[in-house]
Amino acid sequence: MERVTVIDYIKDQPRALRAVLKNKDEFVNPFVEVFKKYNIKRVIFFGSGTSYNASIIAAYYFKQILGIDAVGQYPTVFKNYEKADWTDMLEKEGILFVGISQSGTSRSTIEVMQHVKEEGYITLALTENLRSEIIKYTDNVVHLLCGKELTPPETRGYTVTVLTLYLWAVSVAQALGIYSKNQYNRAIEDAENLVNNFETVIKESETWYDCNKVTIVNSDRLYILGYGVDFGSALEGMLKIGEMLRIPTLGYEIEEYLHGPTMSLNKRQTVFLIGSDEVEFERMLLLRQIFKKYTDRVHVITCKEIDNDYRDIVFSVKTNKYLAPIMYTVPFQIVAAKGAKDIGIDTNIDPFEESLAHLPENQHD
């Protein structure tokens, strides 16, 4: 039997995303019910790796769409050094803790969910595995409809998670009267348009990679720069390339990159700029021109129309800024998976043999 590869999971994303949208009531309704039952004033999202990166985007959604306080946290950092409410002004029932773990076995996320549940806070787990350890420590469990991924790097799971979080935010917005019926319908139509054209996103990403693979895989270092909602996308791109292509890769908020890291920029380094539809967009275009003085390997990834050449991706599929992170992640998945294949790395094998980050998956059985 032929092994399933990361590239197989990448190319399965259109089917998976359409299935998620079709079955959204399964994971949206129980989440909305939590907001209807409690007067939620703050949401704290937890996750590690891919789930942490999705948490950063989730916090952006809930602040910008719902107008409530939200934050993405590293589980161990929160457990050891943070509090749910440093002002001591919020009721415990006003704070919701969401633990995201595709496998449900992330040690740090399980530990922090156990910690906050014991302190009496509302807890909710988003997980693909409904028999996993994390469900012991949450009041509410919501099914992540991504299916199990049999390779170490998670790709389909990430895009499904981000779409899930988007649908949570817009659905709660409608339920609480923040979004009108028309605004909600438009948000869903935007999602339908994106997932129904996701094959095009993958195809255009592959074409772009094939045009630029020689310089990318022969780079000394890769930088991925994002801003606004797509700072989380930059972190996910850094993670995927680090997991698979294994070239030194750094993800930065675009303005922070200017404060020191530019000193090392040279012609053998590659810079990816995620062109989000945010207030920094014109600034990003200016920085692109400046970076090109030091290296030709500067690539913009966007769906906004710009003056571009073969180094850039201007996706023909258009979407709103909240959904764009799902699309902008794909080029980094392709760079990581196809780049690894091109230089002889087997992404089905985890070369780090010690199991430090996850519990055994059969522990709960």
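All values reported here derive from a predicted model rather than from experimental measurement.
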For this session: Determine, step by step, whether S264 and Y223 satisfy the side chain to side chain donor-acceptor pair (under 3.5 Å) criterion, reporting the C-alpha distance in whole Å, the side-chain angles of both residues, the deciding distance to 0.1 Å, and the verdict.
Result: CA-CA 11 Å; S264 69; Y223 290 104; 2.9 Å; yes
Exercise. With a 4.5 Å limit on heavy-atom distance, are the side chains of V20 and V195 in contact?
Worked result: no
Exercise. Around atom NZ of K338, are there more than 12 heavy atoms of other residues, nucleotides or ligands at under 6.0 Å?
Worked result: yes
Exercise. Should the heavy atoms of other residues, nucleotides or ligands under 6.0 Å from CD of Q289 be counted, would the total exceed 12?
Worked result: yes
Problem set entry | same_hphob_cluster(Y137, F46) at 4.5 Å side-chain heavy-atom cutoff | yes
Problem set entry | Among L323, T302, T319, the one residue meeting side chain to side chain contact (heavy atoms under 4.5 Å, CB included) with Y328 | T302
Exercise. How long is the span from the CG atom in D12 to the CG atom in L17, to the nearest 0.5 Å?
Worked result: 9.0 Å
Exercise. Are any side-chain N or O atoms of H143 and backbone N or O atoms of E128, one a donor and one an acceptor, separated by less than 3.5 Å?
Worked result: yes
For this session: Give, for atom CD1 of I326 and atom CG of L194, the distance between the pair rounded to the nearest 0.5 Å.
Result: 6.0 Å
Problem set entry | Single-linkage hydrophobic cluster, 4.5 Å side-chain cutoff, V217 and V298 together | no
Exercise. Would you call K83-E119 a salt bridge at under 4.0 Å N-O?
Worked result: no
For this session: Give a yes or no on whether L150 and I345 share a hydrophobic cluster (residues Ile, Leu, Val, Met, Phe, Trp, Tyr; joining criterion: side-chain heavy atoms under 4.5 Å apart).
Result: no
Problem set entry | Ring-ring centroid check F291 Y257, cutoff 6.0 Å | yes
Problem set entry | Atom NZ of K292: over 12 foreign heavy atoms under 6.0 Å | yes
For this session: Spell out, yes or no, whether V28 and V98 are grouped together once hydrophobic residues are joined by side-chain heavy atoms under 4.5 Å, including indirect joins.
Result: yes
For this session: Give a yes or no answer on whether the side chain of T138 reaches the backbone of V141 with a donor-acceptor pair at less than 3.5 Å.
Result: no
Exercise. So, N140 side chain and T123 main chain: donor-acceptor pair closer than 3.5 Å or not?
Worked result: yes
Exercise. Between the side chain of D230 and the main-chain N/O of G226, is any donor-acceptor distance below 3.5 Å?
Worked result: no
Exercise. Strictly by modelled atom types, are Q102 and T50 linked by a side-chain donor-acceptor pair under 3.5 Å?
Worked result: no
For this session: With rounding to the nearest 0.5 Å, note down the distance linking CG in N39 to CG in L96.
Result: 12.0 Å
Exercise. Hey, does F315 have a side-chain heavy atom less than 4.5 Å from the side chain of V201?
Worked result: yes
Exercise. Do you know which two heavy atoms are closest between I57 and V229, and how far apart they sit?
Worked result: CG1-O, 3.6 Å
For this session: Look at D139 together with K117 and state whether they make a salt bridge at an N to O cut-off of under 4.0 Å.
Result: yes
Problem set entry | Backbone of F27 reached by a side-chain donor or acceptor of W168 within 3.5 Å | yes
Exercise. Has the side chain of T295 got a donor or acceptor atom that lies under 3.5 Å from a matching backbone atom of Q269?
Worked result: yes
Exercise. Does the distance from a Lys or Arg side-chain N to an Asp or Glu carboxylate O, for K318 and E305, drop under 4.0 Å?
Worked result: yes
For this session: Keeping the roles fixed (side chain from Y60, backbone from G228), state whether a donor-acceptor pair exists under 3.5 Å.
Result: no
Problem set entry | Side chain T159, main chain R156, donor-acceptor under 3.5 Å | yes
Exercise. For T151, does its backbone N or O pair with a side-chain atom of E149 as donor and acceptor, under 3.5 Å?
Worked result: no
For this session: Would you check, one step at a time, whether the test side chain to side chain donor-acceptor pair (under 3.5 Å) holds for T87 with D85?
Result: CA-CA 5 Å; T87 68; D85 173 29; 2.5 Å; yes
Problem set entry | Reported CD-to-OG1 distance for the pair Q13 and T329, which is rounded to 0.5 angstrom | 8.5 Å
For this session: Considering non-hydrogen atoms only, spot the tightest contact between S205 and I334 and give its length.
Result: CB-CG1, 4.0 Å
For this session: Say whether M327 and L225 are linked into one hydrophobic cluster, either directly or through other cluster members, by side-chain heavy-atom distances under 4.5 angstrom.
Result: no
Exercise. Would you say I65 and I178 make side-chain contact, with heavy atoms under 4.5 Å?
Worked result: no
For this session: Give the minimum heavy-atom separation between A70 and F45, together with the two atoms involved.
Result: CB-CE1, 4.4 Å
Exercise. Do F97 and F78 have ring centres separated by under 6.0 Å?
Worked result: yes
Problem set entry | Check against side chain to side chain donor-acceptor pair (under 3.5 Å), Y209 and D342 | CA-CA 11 Å; Y209 169 77; D342 287 341; 2.6 Å; yes
For this session: Count the heavy atoms of every other residue, nucleotide or ligand shown that sit under 6.0 Å from CZ of R186, and state whether that count exceeds 12.
Result: no
For this session: Dump the intermediate steps for side-chain contact (heavy atoms from CB on, under 4.5 Å) on I10 and E206, then the final yes or no.
Result: CA-CA 11 Å; I10 292 171; E206 287 190 287; over 6 Å; no
Exercise. Looking at D277 and K321, does any basic side-chain N land under 4.0 Å from a carboxylate oxygen?
Worked result: no
Exercise. Taking all non-hydrogen atoms of both residues, which atom of Y227 and which atom of S276 are closest, and how far apart?
Worked result: OH-O, 2.7 Å
Exercise. What do you reckon, is CG of D307 surrounded by more than 12 foreign heavy atoms closer than 6.0 Å?
Worked result: no
Exercise. Heavy atoms, side chains only, cut-off 4.5 Å: are F281 and I306 in contact?
Worked result: yes
For this session: Show the numbers, then the answer: is there a side-chain contact (heavy atoms from CB on, under 4.5 Å) between T109 and I100?
Result: CA-CA 8 Å; T109 304; I100 304 173; over 6 Å; no
Exercise. If you measure from OH on Y310 to OG1 on T207, what distance do you get to the nearest 0.5 Å?
Worked result: 15.5 Å
Exercise. Would you find a donor on one side and an acceptor on the other, under 3.5 Å apart, between the side chain of R311 and the backbone of D296?
Worked result: yes
Exercise. What do you reckon, are the aromatic ring centroids of H299 and F272 less than 6.0 Å apart?
Worked result: yes
Exercise. Do you know which two heavy atoms are closest between L145 and E26, and how far apart they sit?
Worked result: CD2-OE2, 3.6 Å
For this session: Begin from the C-alpha positions of I40 and I122 and carry the test side-chain contact (heavy atoms from CB on, under 4.5 Å) through to its verdict.
Result: CA-CA 10 Å; I40 303 297; I122 307 165; 4.0 Å; yes
Exercise. Could you give the distance from CD1 (I224) to OG1 (T270), rounded to the nearest 0.5 Å?
Worked result: 10.5 Å
Exercise. Would you say F31 and T164 make side-chain contact, with heavy atoms under 4.5 Å?
Worked result: no
Exercise. Any luck finding a side-chain donor-acceptor pair between T155 and Q333 under 3.5 Å?
Worked result: no
Seminar exercise, completed: Residues C303 and V317: closest non-hydrogen pair is CB-O, 3.5 Å
Exercise. So do the side chains of N320 and Y166 get within less than 4.5 Å of each other, counting heavy atoms only?
Worked result: yes
Exercise. Taking NZ, NE, NH1 and NH2 as the nitrogens, is one of them in K240 or E243 under 4.0 Å from a carboxylate oxygen of the other?
Worked result: yes
For this session: Scan side-chain atoms only and decide if S101 and S106 contain a donor-acceptor pair under the 3.5 Å cut-off.
Result: no
For this session: Measure the shortest side-chain to side-chain distance between V6 and K341 over non-hydrogen atoms and say whether it is less than 4.5 angstrom.
Result: no
Exercise. Should the heavy atoms of other residues, nucleotides or ligands under 6.0 Å from NZ of K37 be counted, would the total exceed 12?
Worked result: no
Exercise. Hey, does L273 have a side-chain heavy atom less than 4.5 Å from the side chain of V300?
Worked result: yes
